[in-house]
Amino acid sequence: MRLLIADDHPLFRLGLRAGLEAEGLKVVAEAATGQEALEKALSLRPEAVLLDLRMPGLDGIACARKLREAGYGGVIALLTTYLEPALLREAARAGADAYFSKELSAPELKRRLLRVLAGEERLTPPDLPRLTPREEAVLRLLAQGLSGKEMARTLGLSPDTVKDHLESLYGKLGARNRVEALERARALGFI
């Protein structure tokens with residue numbers, strides 16, 4: 001398999017290249033930016049492009065989107081330390097085929113890339129809970145730090161009704177309290 005590696009950290013690229021080449025894969029190019037990865041991928045047409053999620057200028061998700069828009073048909077895999085559900089959904093919408101942790105070993109990364117290439121593994125974003133418009137409004141106010149009474153006043157509802165909406169929101173987000181609800185909502189991309 002011919003690969004392009006894009007990451008803005010030279011030592012990470014060097015280590016990744018050495019690890020993948022030791023596994024019998026061929027790295028045909030490296031890039032330090034998303035723009036450089038885009039240009040090299042479109043001219044060299046490797047079977048797979050490994051993109052760091054966070055790069056200066058054009059990040060991995062934007063680069064994946066531009067590659068797909070330009071007709072690139074190879075495997076696009078994002079490498080990251082950020083495994084947040086909102087980013088997984090965004091990567092899938094951009095046309096990425098895989099989303100791998102940078103903590104994978106070279107043999108495991110090779111195995112997973114081959115599975116993606118064979119169509120045996122695909123990026124599947126997690127399902128999102130469906131919030132009602134009122135729950136979304138309560139969540140926005142929760143993120144602003146309003147109390148239940150302040151939310152009730154702002155929304156023109158009774159405090160008990162706001163409490164009911166908060167309990168429903170906590171249940172949908174799998175949270176036990178305000179702090180957990182806000183953390184989960186951020187990770188899912190609601191706020």
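Just so it is clear, the structure is predicted and the values come from calculations on it, not from any experiment. FYI, the numbering just counts along the sequence from 1.
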(Q) I'd like to know if Asp52 pairs up with Lys102 as an ion pair, taking the criterion as any Lys NZ or Arg NE/NH1/NH2 lying under 4.0 Å from an Asp or Glu carboxylate oxygen. (A) yes
Q: Answer yes if the side chains of Glu135 and Ser168 hold a donor-acceptor pair under 3.5 Å, and no otherwise.
A: yes
Q: May I ask you to decide if Ser147's main-chain N or O and Glu150's side chain share a donor-acceptor pair within less than 3.5 Å?
A: yes
Q: Considering only NZ, NE, NH1 and NH2 on the basic side and carboxylate oxygens on the acidic side, decide whether Arg68 and Asp97 come within less than 4.0 Å.
A: yes
**Q.** Any residue meeting side-chain hydrogen bond (donor to acceptor under 3.5 Å, both in side chains) with Thr154, in chain and number order, not counting sequence neighbours
**A.** none
Q) Do Val116 and Phe100 have side-chain heavy atoms sitting under 4.5 Å apart? A) yes
Q: Please check if atom CD in Glu103 has more than 12 non-hydrogen atoms from other residues, nucleotides or ligands closer than 6.0 Å.
A: no
**Q.** Over all atoms of both residues, closest heavy-atom pair of Arg13 and Asp8
**A.** NH1-C, 4.0 Å
Q.
Regarding Arg112 and Glu121, does a basic nitrogen lie under 4.0 Å from an acidic carboxylate oxygen?
A. yes
Q: For Lys172, look at atom NZ and say whether over 12 heavy atoms of other residues, nucleotides or ligands are found less than 6.0 Å away.
A: yes
(Q) The criterion is side-chain hydrogen bond (donor to acceptor under 3.5 Å, both in side chains); which residues satisfy it with Arg176, sequence neighbours excluded? (A) Glu180
Q. Do the charged groups of Lys66 and Glu69 touch, with an N to O distance under 4.0 Å?
A. no
